[in-house]
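Okay, structure first, notes after.
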2 protein chains.
Amino acid sequence: MSPNEILFRAVQNQKLFGQINRQLLKTIVAGHYKAGDLLPPERDHADMFGVSRVVVREALGSLRDKGIVSIKQGRGTTVNPIDEWNTLDPEVLMLLYGDELYEKLIQLRGIIEPEFAALAAENITPEELEKLRKVSDLPESDTVEQHVERDTMYHLLIAKATHNPVLLIVLSSISEMLRESRRRTFAVHGELAKARYWHKTIFEAIEAHIPQAAREAMSAHMQQVQNGLERFNRLNQEDHN
Amino acid sequence: MSPNEILFRAVQNQKLFGQINRQLLKTIVAGHYKAGDLLPPERDHADMFGVSRVVVREALGSLRDKGIVSIKQGRGTTVNPIDEWNTLDPEVLMLLYGDELYEKLIQLRGIIEPEFAALAAENITPEELEKLRKVSDLPESDTVEQHVERDTMYHLLIAKATHNPVLLIVLSSISEMLRESRRRTFAVHGELAKARYWHKTIFEAIEAHIPQAAREAMSAHMQQVQNGLERFNRLNQEDHN
DNA sequence: ATATTATAAATGGTCATACCAATATACCAT
DNA sequence: ATGGTATATTGGTATGACCATTTATAATAT
């Protein structure tokens, strides 16, 4: 390895295959390779990136698992049409949609979470209810990162209380991405207090086992979150002018 | 390789790493390793399965990408608690929940697809509408497998017409699993005709750009699908007595 | 010339071995 | 007991070879 390569690796606090994975992804998303295009063979990639074939294969295998490329022995590796990229991998979606991703995610939340709350109100157990109670508040004294953590837990626990693991998987699949979304809304003055209010209201509806009340409160909460993000975007836009 | 190994590979029409992946998954799901348990090191796995470390690593890497295990250099590979298995991989969910998976999936559909239809009614373009029209019918002359294909396409096109890629990803992530679900409902006498009716009704609502009508029609369709699956389960149960 | 078939080249899949890097363990000095 | 140092364990990467599948090319038959 050359000194430059060593420096490169030191800066990136990551395993090699992860770096290559990102590189490949960026190259594909940037449009250097379009759907149907044949990627260079593994051996060439290895030379180009200055790594062994092993890490190139690991990175390509990961892209294949995500539906981004198709690999066929003897033929090569081709890029799939974007409709077949059926992964909720944060890195992929971020590269594809940038900041607009958060609005799209919140639209999904607005669809699923009210029903999750309603189902939770029906099916939650006493033990689950106690766990939920513990993260229902958003203490003023906490840091933003702690707010994000508690908020994430709160919504995941509700999803879990539906007792349908598929529903939980859907929400947890986007939870990493939602962390950044939450950081943004919580950064807007007043949004934290609103979130605190809705969390309390939703919890009480679930505790009282009233699905319709839980559904409506969660729906309002989702609307509030969306408004919060829009406010953040406006403020952020003004800052950049 | 021993003759037995050669035979084994010949029978399994699959790449080696895929077989090992399945083996590992089965072992973990069967409970031989519980959450937090340390798996044997890669070198041991290679010996146990009679393959090279390369394929073991590829299989474990895939499990890691799915959140099923955590891999740490110097420490080893541990099984994650099931709440962190945030993948919609058909193989994983099938092993975990068996036939009950389909009910859970349909509950998700019941939550998201009515809203998808409503959004499609708002946002669909003329081109998308024509594509949808082409798969709206379920011709009597088609085979079951063709019905499954058209039905899958129909619902995916509606998701695509929401113009929110995240929504499309969620549905397409479960579409492979839904194929089997569809085979079952279509196997129940009368369900195909009902599906045909609702597809027509939903399409007309989308074509007329009436979100609420599309939402309600899709909601009814989802209810019908759920009923169809329940009928299938009852019939199937009786057969087994 | 055209079509078919045989051969070679290209490319992903697997193996074996060696060594690097991070972590955990055992041992020792204090 | 405590803390640090050497050692062992284990995942990460590099090389080189060879296998399996597909594609491209050349040879052959018609």
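In the text below, chain A, chain B and the rest are named by the order of the sequence lines, each starting its count at 1.
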Are any of [X]'s side-chain N or O atoms less than 4.0 Å away from OP1 or OP2 of [N]?
X	N	answer
R57(B)	dG11(D)	no
R75(B)	dG11(D)	no
T77(A)	dT11(C)	no

Return the value, rounded to whole Å, for the distance between atom [atom1] of [X] and atom [atom2] of [N].
X	N	atom1	atom2	result
E58(B)	dT14(C)	CD	P	7 Å
D47(B)	dT10(D)	CG	P	12 Å
F17(A)	dA14(D)	CZ	C1'	17 Å
K15(A)	dA14(D)	NZ	P	13 Å
Q19(B)	dG13(C)	CD	P	14 Å
L39(A)	dA10(C)	CG	P	19 Å
E42(B)	dT9(D)	CD	P	16 Å
R53(A)	dT17(C)	CZ	C1'	17 Å

Can you find a donor-acceptor pair, distance only, under 3.5 Å between R43(A) side chain and dG12(C) base?
yes

Assess whether one donor atom and one acceptor atom, taken from the side chain of R64(A) and the base of dG12(C), lie less than 3.5 Å apart.
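Answer no: no donor N or O sits under 3.5 Å from an acceptor.
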
Look at the side chain of [X] and the backbone N and O of [Y], then say whether any donor-acceptor pair between them is shorter than 3.5 Å.
X	Y	result
E115(A)	I112(A)	no
N123(B)	L119(B)	yes
E130(A)	E127(A)	no

Mapping K72(A) and V55(B) onto DNA chain C by nearest heavy atom, which one lands closer to the 5' end?
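Of the two residues, K72(A) wins.
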
Would you please say whether a donor-acceptor pair under 3.5 Å links the side chains of R182(B) and T152(B)?
yes

Side chains of H199(A) and D151(A): any donor to acceptor distance under 3.5 Å?
yes

Between dG13(C), dC15(C), dT15(D), spot the one nearest the side chain of V51(B), thanks.
dC15(C)

Nearest to side-chain heavy atoms of Q73(B), which nucleotide of dT14(C), dA22(C), dA20(D)
dA22(C)

